[in-house]
Amino acid sequence: MLTPTKQAETGMRGEDIIVTRAIFATSKRALSITGVAAALFALALMPGAAQAKWPEKPVRIVLPFGPGGVADVTARIMADRLTKKLGQQMVIENMPGPGGINAARAVIGAPADGYTMGLVTNGTAISVAAFNHLPFDPTQFQMVSTIGLFDLVFAVKADAPYKSLKDVVAAAKANPGKLNIGTIAVGGTQNLGAELFKSMADVNVVIVPYKNSPDVVVSVLRGDTAMLVEFPPAIQGQVNDGKLRVLATSSPKRSTLTPDMPTAAESGVPGYEVSSWNAIFAPKGTPKEVVDTMNAAIREVLAMPDVKAAFAKVGVLAQPSTPDELMARLKSDITKWNAVIEKAHIPRK
């Protein structure tokens with residue numbers, strides 16, 4: 001407080017001095033706040049000062065299959081390379097179950113932060129068509145990228161009289177209802193691939209479902225079925241031993257893995273195509289930055305020569321995609337398999 005003498009010297013009253021001090025203090029605070037804001041802004045512009053980059057911890061990838069199959073083998077190969085590239089462990093978790101329901105629930109129920117992803121396949125599209133009510137809608141998934149493509153093959157006993165798929169079609173038309181075709185489980189890709197063949201070739205054949213792939217192979221070797229429809233790894237041993245002979249593949253064009261093998265479309269069934277695929281998806285709402293980072297990493301990994309070779313050993317073509325391309329593929333397959341199931345009168349589960 002100024003004495004009366006000091007007040008007289010400044011020419012200011014006591015209340016004026018109080019107001020002046022308040023204004024000065026407020027100004028100092030404003031300058032301080034402005035300085036802090038400016039400092040924070042400058043820090044935000046510094047390299048590496050933005051939000052921490054994903055991933056900062058292990059990433060869980062849930063598979064709807066058990067260990068040892070094509071999907072599991074290729075996913076683990078990819079995960080190993082992604083771990084090295086991204087600097088965080090990619091953990092494969094097997095969660096088999098009907099229609100991939102358990103695995104899908106585990107992914108879509110997780111936080112959309114990029115630390116839980118899953119495997120989506122053409123089998124997911126089939127499940128949508130085969131089940132009356134799935135507890136999830138895969139068209140609402142956040143797609144990331146395909147991993148690989150693989151085809152069905154049509155094979156016969158090595159000493160069978162059929163030298164091409166055209167021969168099988170001709171024999172079936174000459175003997176309606178007499179030829180049997182072996183596949184595994186009703187509603188699976190192999191079984192529906194056979195149903196699509198029957199429909200598009202316009203032949204009267206009997207499609208016989210077996211419990212597992214070895215049973216299908218035995219049925220052809222002992223003559224119970226004239227031909228089988230399977231994935232290459234399931235019969236590769238018998239093909240290598242000269243017991244089975246592959247007639248054609250289900251791909252829309254000849255695969256770079258088997259360029260000498262004709263397609264079904266080339267062999268008497270124009271327009272026939274069954275392309276199986278595996279891919280990565282995340283919960284809806286996963287940040288675009290995370291999706292873009294994972295997509296780019298998958299592209300780089302799948303381009304590695306050793307990864308391509310490892311995939312090829314199990315009959316898979318390493319093939320990335322954009323999220324939009326993957327979603328379009330899924331929707332197209334849902335429409336396709338829904339029509340096949342309806343035409344074949346396969347009961348929906």
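As a basis for the values below, the full set of heavy atoms in this structure was taken, side chains included, without hydrogen atoms, waters or symmetry mates. The shown structure was predicted, so the numbers you read here are calculated from the model rather than taken from an experiment.
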Are the side chain of S255 and the backbone N or O of S251 linked by a donor-acceptor pair below 3.5 Å?
no
Hey, are the side chains of T83 and D80 touching, using non-hydrogen atoms and a 4.5 Å cut-off?
no
Side chain to side chain contact (heavy atoms under 4.5 Å, CB included) assessment of V274 paired with L196
CA-CA 9 Å; V274 177; L196 185 63; 3.9 Å; yes
Locate the shortest heavy-atom distance separating A172 from L179; write the atom from each residue and the value.
N-CD2, 4.0 Å
If you define the side chain from C-beta out and look only at heavy atoms, does anything of S250 sit under 4.5 Å from E273?
no
May I ask you to say whether E342 pairs ionically with R348, meaning some side-chain N is under 4.0 Å from a carboxylate O?
yes
What about L149 and L302, same hydrophobic cluster or not, with Ile/Leu/Val/Met/Phe/Trp/Tyr joined at side-chain heavy-atom distances under 4.5 Å?
no
Hydrophobic cluster of M261, others only, ordered by chain and residue number, side-chain cut-off 4.5 Å:
V153, I184, V206, V208, Y210, V216, V217, V220, L221, L228, I235, V239, L244, V246
Between A248 and T263 the two heavy atoms that sit nearest each other are CB-C, 4.0 Å
4.5 Å side-chain heavy-atom contact, K243 and K157:
no
Inter- and intrachain pairs under side-chain hydrogen bond (donor to acceptor under 3.5 Å, both in side chains), touching residues 218-234, at least two apart:
Q190-E230, S213-E230, S219-T225, R222-D224
Test ring pair (Phe, Tyr, Trp, His ring centres under 6.0 Å) applied to F136 - qualifying residues, sequence neighbours left out:
F141
Which atom names give the shortest non-hydrogen contact between L63 and A71, and what distance separates them?
CD2-O, 4.0 Å
Closest contact, heavy atoms only, R245 versus A160
NH2-O, 3.0 Å
With sequence neighbours excluded, give me every side-chain hydrogen bond (donor to acceptor under 3.5 Å, both in side chains) pair touching residues 55-73.
R60-E93, D72-R76, D72-N94
Give me each pair satisfying side-chain hydrogen bond (donor to acceptor under 3.5 Å, both in side chains) with a member in residues 292-311, each pair once, sequence neighbours excluded.
R81-D306, K85-E300, K288-D292, N295-R299
Is there side-chain contact between V91 and I61, with heavy atoms separated by less than 4.5 Å?
no
Closest non-hydrogen atom pair, T146 against I298
O-CG2, 4.0 Å
Could you check whether any side-chain heavy atom of F197 comes within less than 4.5 Å of a side-chain heavy atom of V229, counting everything from C-beta outward?
no
Could you walk me through whether D241 and Q238 pass side chain to side chain contact (heavy atoms under 4.5 Å, CB included), step by step?
CA-CA 5 Å; D241 291 343; Q238 289 76 21; 5.6 Å; no
Look up atom NZ in K313 and atom CD1 in I77, then write down how far apart they are to the nearest 0.5 Å.
9.0 Å
Results of ring pair (Phe, Tyr, Trp, His ring centres under 6.0 Å) for F65 - residues two or more places apart only
none
Go through it in stages, so that I can follow the logic: the residues are M90 and M117, the test is side chain to side chain contact (heavy atoms under 4.5 Å, CB included), and I'd like the CA-CA distance, side-chain angles, deciding distance and then a yes or no.
CA-CA 10 Å; M90 299 287 144; M117 296 190 182; over 6 Å; no
Does one hydrophobic cluster hold both V169 and V156, with members joined at side-chain heavy-atom distances below 4.5 Å?
yes
Separation between OG (S267) and CG (L247), nearest 0.5 Å, reads 8.0 Å
Do K284 and Q142 have a side chain donor and acceptor closer than 3.5 Å?
no
Distance check, rounded to the nearest 0.5 Å: N180 atom CG versus I207 atom CD1?
10.0 Å
Check for me, please, whether L330 and V62 land in the same ILVMFWY cluster - side-chain distances under 4.5 Å, paths through other members count.
yes
Mind checking the CZ-CE spacing from R329 to M143? Nearest 0.5 Å is all I need.
11.5 Å
Taking the side chain as C-beta and beyond, is there a heavy-atom pair between V290 and Y115 under 4.5 Å?
no
Ignoring hydrogens, what is the shortest heavy-atom contact between T116 and P283? Give both atom names and the distance.
O-CD, 3.3 Å
Does any non-hydrogen side-chain atom of F154 lie less than 4.5 Å from one of I181?
no
Could you tell me whether the side chain of T189 reaches within less than 4.5 Å of the side chain of F231, counting heavy atoms only?
yes
If you measure only the distance, is there a donor-acceptor pair under 3.5 Å linking the side chains of D333 and W277?
yes
K178 atom NZ, over 12 foreign heavy atoms within 6.0 Å
no
Under a 4.0 Å threshold between the charged nitrogen and the carboxylate oxygen, would K53 count as salt-bridged to E289?
no
What's the separation between atom CD1 in I346 and atom CD1 in I341, rounded to the nearest 0.5 Å?
5.5 Å
Regarding S199 and K343, do their side chains bring together a donor and an acceptor under 3.5 Å, going by distance alone?
yes
Any donor-acceptor pair under 3.5 Å linking the side-chain atoms of E195 with those of N191?
no
Given the rule in the side chain to side chain contact (heavy atoms under 4.5 Å, CB included) test, do V269 and K166 qualify, once you have shown the distances and angles that lead to the verdict?
CA-CA 8 Å; V269 194; K166 283 183 180 179; over 6 Å; no
Going from NZ on K331 to CG on L326, what distance comes out if it is rounded to the nearest 0.5 angstrom?
11.0 Å
Taking atom types as modelled, find out whether D324 and T322 have a side-chain donor-acceptor pair closer than 3.5 angstrom.
no
